Amino acid sequence: MPELPEVEVVRSGLATALAGKSFGSVTVLHPRPVRYDPLGPEHFARLLSGRVLDAPRRRGKYLWIPFEDGDALLCHLGMSGQFRINRPEDPLLPNTRVLFDLQPHGDQLRFVDQRMFGGLQLAIGGAELPGVIGHIAMDPFDDDFDPLTVGRELVSRRSTVKRALLNQTLVSGIGNIYADETLWRSRLHGDTPCHALGGRKAAGVLRTSRQVMAEALEQGGTSFDALYVNVNGSSGYFARHLDVYGREDLPCHRCGRSIVRDRFMNRSSFRCPRCQRLPRQVAPPNGQDATLGCKP
DNA sequence: ACTATATCCTGTATGC
DNA sequence: TGCATACAGGATATAG
């Protein structure tokens, strides 16, 4: 569930909590969160113990904890993953999946994940950038992220704008909430064909996504419930700043019209029916259907 | 090659 | 109260 700002809050919390630490013994309580690890739960636990930790890193919604020896622990929170720091004697929260004893001082890092869409795996040689996320594009906060370059790439896609924003191989870190918020600020309907945007407009959308996520980060991320919390167990406050997401039937903050909800890819899209209309048909590149992605 | 869909899970909210 | 259903912020295999 967490998108880039929420993952960044977690990364930042881990950076503080794990500074100068090593893993002691590791206990896998449920095999599913380590299903992507090529060696299986027992090897995962054994191979991680004793590792000396470096500062956690992030790309998009992935984060990883590099080890001093060049390997890393790669983590994805999925829809409901959390990291918590506890004393070993603290009672386990429901859905606690993996325990990492920390040395020195004996704290414990715990991975809690209700739905288990998330995952943890050992990334051999992955301290800089784990190979298995090589296909994940830079996110808008990356120093080398260039909105114009990515904007041109976006325009060339034979898809629609919201799908493109959610495509992690084009730009990473944006999920359903921030896609909808970005589109509202950009006054764009999510079904707008990519080719209907010029390169400059597309670059503008990407800059807007960075702005929205930066504001969310200042608020400690978006949270609707206890499923997303930082390492201390507290929630962020951006939910109260959302302009469209989850605001069906409430007035648009720009024009007052009621926000509508559409079905999209088995989930919901929220938009203002006045501020975010589909453009009239735009001449597509050669060979493409002129009405692609457009509704009457 | 590129894009759209179905699927992996559990817990909560809602309506009958 | 009990039961069924809908829904949840993601990534990926595979179907087209």
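Worth saying up front: this structure is predicted, and the values here are computed from it rather than measured. Naming convention: chains lettered A, B, ... in sequence-line order (proteins, then strands); numbering from 1 in each chain.
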Measure CG/A/Leu4 against P/C/dG10 and give the value in whole Å, please. 11 Å
Please measure how far the P atom in B/dC9 lies from the corresponding atom in C/dT14, and state the result in whole Å. 15 Å
Are A/Leu170 and A/Ile174 linked, directly or through intermediate hydrophobic residues, by side-chain heavy-atom contacts shorter than 4.5 Å (ILVMFWY only)? yes
Taking the six-membered ring of A/Trp64 as reference, does the NZ or CZ atom of A/Arg11 fall below 6.0 Å from its centre and within a 45° cone about the axis? no
In whole Å, what is the span from the CZ atom of A/Arg247 to the C1' atom of C/dG9? 18 Å
Selected nucleotide, minimal atom distance to A/Ser268 side chain, candidates B/dG11, B/dC9, C/dA8: C/dA8
Is A/Phe141 close to A/Met213 at the side-chain level, that is, under 4.5 Å between some pair of heavy atoms? yes
I need the CG-P distance between A/Leu93 and B/dG11, as an integer number of Å. 13 Å
Salt bridge or not for A/Arg59 and A/Asp139, using N-O below 4.0 Å? no
Write out a two-atom table: protein N or O, nucleotide N or O from nucleotides 11-13 of chain C, distance below 3.5 Å.
from	atom 1	to	atom 2	distance (Å)
C/dA11	OP1	A/His76	NE2	2.8
C/dA11	OP2	A/Lys61	NZ	2.8
C/dA11	O3'	A/Tyr62	OH	3.2
C/dT12	OP1	A/Tyr62	OH	3.2
C/dT12	OP2	A/His135	NE2	3.2

Of A/Pro94 and A/Arg32, whose nearest nucleotide on DNA chain B comes first from the 5' end? A/Arg32
A/Arg115 NZ/CZ over A/Phe117 ring centroid, <6.0 Å and within 45° of normal: yes
Protein N or O to nucleotides 12-14 of chain B N or O, pairs below 3.5 Å:
none

Gap between atoms OH and P, on A/Tyr178 and C/dG9 respectively (whole Å): 13 Å
Among B/dG11, C/dG10, C/dA8, the nucleotide that comes nearest once only the side chain of A/Asn95 is considered: B/dG11
P atoms of B/dA6 and C/dA6, separation to the nearest Å: 15 Å
Partner residues of A/Arg51 under the side-chain hydrogen bond (donor to acceptor under 3.5 Å, both in side chains) criterion, sequence neighbours left out: A/Asp69, A/Asp71
Within this structure, what is the CZ-to-P distance between A/Phe117 and B/dT7, rounded to whole angstrom? 12 Å
Between the side chains of A/Asp90 and A/Arg84, is the shortest nitrogen-to-carboxylate-oxygen separation below 4.0 Å, so that they form an ion pair? no
Check this for me, if you would: do A/Lys61 and A/Glu8 make a salt bridge, where the nitrogen-to-carboxylate-oxygen distance has to be below 4.0 angstrom? no
Salt bridge (Lys or Arg N to Asp or Glu O under 4.0 Å) assessment of A/Arg163 paired with A/Asp191: CA-CA 8 Å; A/Arg163 285 194 138 92; A/Asp191 291 339; 5.7 Å; no
When the ring planes of A/Phe67 and A/Phe23 are compared, do they come out parallel, tilted or perpendicular, using 30° and 60° as the limits? perpendicular
Can you tell me if A/Glu215 and A/Gln211 form a side-chain donor-acceptor pair at under 3.5 Å? yes
I'd like to know if A/Tyr245 and A/Val260 are part of one continuous hydrophobic network [Ile/Leu/Val/Met/Phe/Trp/Tyr, side-chain heavy atoms within less than 4.5 Å]. no
Please report, rounded to the nearest Å, how far the C1' atom of C/dG9 is from the CD atom of A/Gln82. 13 Å
Can you tell me if the side-chain N/O atoms of A/Tyr245 get under 4.0 Å from OP1 or OP2 in C/dG9? yes
Please classify the nucleic acid contact of A/Arg261 as base, sugar-phosphate, or nothing, using heavy-atom distances under 4.0 Å. sugar-phosphate
Which pairs with one or both residues in residues 19-42 of chain A pass side-chain hydrogen bond (donor to acceptor under 3.5 Å, both in side chains), sequence neighbours excluded? A/Ser25-A/Asp101
C/dA11 and B/dA1: how far apart are their P atoms, nearest whole angstrom? 24 Å
Per-residue pairing states of DNA chain B in dot-bracket (Watson-Crick or G-U under 3.5 Å; . unpaired, | other strand) read .|||||||.|||||||
Can you check the A/Arg115 CZ to B/dT10 C1' distance for me, whole Å? 7 Å
Verdict with supporting geometry, A/Asp107 and A/Arg87, salt bridge (Lys or Arg N to Asp or Glu O under 4.0 Å): CA-CA 5 Å; A/Asp107 281 346; A/Arg87 293 299 302 172; 2.7 Å; yes
Any N/O pairs under 3.5 Å between the protein and nucleotides 1-4 of chain B? List them or say none.
from	atom 1	to	atom 2	distance (Å)
B/dT3	OP1	A/Arg158	N	2.9
B/dA4	OP2	A/Ser159	OG	3.1
B/dA4	OP2	A/Arg163	NE	3.3

Is A/Glu128 paired with A/Arg57 through a side-chain N to carboxylate O contact shorter than 4.0 Å? yes
